[in-house]
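This report refers to the structure that appears directly beneath it.
In the text below, chain A, chain B and the rest are named by the order of the sequence lines, each starting its count at 1.
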There are 2 protein chains.
Amino acid sequence: MQVKETKRNAATSAKPLSRIQEANRKAILNAAIEVFAASGFRGATIDEIATRCGMSKPNLLYYFKSKRQIYQQVLEQTLGEWLAPFEDIDPDGDPIEELRRYITVKLKMSEDNPNASKLFANEVLHGAPVIGEFLETRLKNLVNEKAKVIRHWVGEGKLAPIDPYHLIFMIWATTQHYADFDVQIRAVLGTQAGRPGFYEQAGQAILSIILYGIRPR
Amino acid sequence: MQVKETKRNAATSAKPLSRIQEANRKAILNAAIEVFAASGFRGATIDEIATRCGMSKPNLLYYFKSKRQIYQQVLEQTLGEWLAPFEDIDPDGDPIEELRRYITVKLKMSEDNPNASKLFANEVLHGAPVIGEFLETRLKNLVNEKAKVIRHWVGEGKLAPIDPYHLIFMIWATTQHYADFDVQIRAVLGTQAGRPGFYEQAGQAILSIILYGIRPR
DNA sequence: GTCTATAATTCGATAGAC
DNA sequence: GTCTATCGAATTATAGAC
């Protein structure tokens, strides 16, 4: 059981939030990711985000002081979970199994949370104005680290001599394509694309080509 | 040598355009593809398109009656050339060589004309409001046709038993990724990504994985 | 055909009552 | 905390002079 919000302490930098405040913030961010994913930063309107969580525009702006602040918050929130499975690639694991698992998880993320993928695609497509610095620092370091792992695997003869960076890009491109271009895939395949098992089928096809393509030969 | 524009004939439905008109229209469309690719439909402004081809806003609207009309024109213009190499896949050619050529051409298109790729990515990402019908008709038919070709190749034992549709999506995703996400690639790879020969390197990596991955086994 | 000026609209953000 | 009302900036599109 929890008491009412404790009095604000001017000395603390992080102000505590009531449960209502927390709930409202979360509702806003959930609505925002949908709208930003569908329309991009410029195309999204505060009004639509507000309406989607049953709030008025000024009330929403009571919680976030600007449209850009909501956008940054949503991006930051998603960035961590988006990279987690990439970080999880284990240098000591079996190369083919590690990559199989990564591809599978990444494709599942496209299926379960296409909006997160679309959000990033939009941001990067428009020049990454907000996460540009993140890409040049943390992502760059992380990719270099994992590229080194793959190169090591190649050196051990456990993988064919492929370029680690282009392999990583291929995995990202292929898996995220199913989220970012879902409209096109649905248009081409019709109802088939929405059926249960579709993503399993896609996963098998992708794994079959890539894993066989990087097998030592 | 050419005389001045001939008098308009009210009976002809297609009105002839003077050379100046033609040149101006082309200049507008060239500027428009850059701006739409960089900012999307909503983010692009007529003012920026106009400025980029040394024109005033009202003057540009003398040639195209609305922002949407420019956008549709640019999309239509690019759609044909975009699909041409896909149509060129020859059912009677050698499967591996046909796909090698297609992947190579597609990657070169991403290198030479990234804006066309970004334009489509934006349009599809936002639900394909303009080219949606095209995707469901002409593109769908074309993909079905080529899928049949690939399936036939598989049946002949010239390719491993892979799903044709997912192979096509993988090729599209991977090659277009280098245009659509060029900012991310540049951020991760630094100056290396801009160097001459980078796309050749990418092409070799992609071809190495995919072509080996679909080889009969 | 090209310009200046401006109408009309949309949208982010704020003021201030409750 | 939430609302109504509204300001101000940006932007599409048009009117009308030249």
Ignoring hydrogens and angles, tell me if any N or O in the side chain of B:Glu98 forms a donor-acceptor pair with the backbone of B:Ile89 under 3.5 Å. no

Tell me the interatomic distance from B:Gln69, atom CD, to D:dT12, atom P, rounded to whole angstroms. 15 Å

Could you check whether the rings of B:Phe181 and B:His177 sit parallel, tilted or perpendicular, using 30° and 60° as the cut-offs? parallel

Considering only side-chain heavy atoms of B:Gln21, which listed nucleotide, D:dA5, C:dC3, C:dG1, is closest? C:dG1

Classify the angle between the aromatic ring planes of A:Tyr71 and A:Phe36 as parallel (below 30°), tilted (30 to 60°) or perpendicular (above 60°). perpendicular

Enumerate the residues from residues 27-50 of chain A whose closest heavy atom to DNA chain C is under 4.0 Å, giving them by residue number; use none for an empty result. A:Ala44, A:Thr45, A:Ile46

Salt bridge flag under 4.0 Å for residues A:Arg101 and A:Glu97: no

Distance (rounded to the nearest 0.5 Å) between A:Phe41 CZ and A:Leu119 CG: 11.5 Å

Using the closest heavy atom to pick a nucleotide of DNA chain C for each, name whichever of B:Asn24 or B:Lys57 lands nearer the 5' end. B:Asn24

Output the rounded distance in Å from CE (A:Met55) to C1' (D:dG1). 10 Å

Whether B:Lys67 side chain and B:Ala44 backbone form a donor-acceptor pair below 3.5 Å: yes

Looking only at side-chain N and O atoms, does A:Ser56 come under 4.0 Å of OP1 or OP2 in D:dT2? no

Residues in contact with DNA chain D, drawn from residues 59-66 of chain A - heavy-atom cutoff 4.0 Å: A:Asn59, A:Tyr62, A:Tyr63

Between B:Arg52 and B:Glu48 (salt bridge meaning N to carboxylate O under 4.0 Å), is one present in this structure? yes

Among B:Asn24, B:Ile28, B:Leu29, find the one that has a side-chain contact (heavy atoms from CB on, under 4.5 Å) with B:Cys53. B:Ile28

Rounded to whole Å, please give me the gap between NZ in B:Lys67 and P in D:dT14. 14 Å

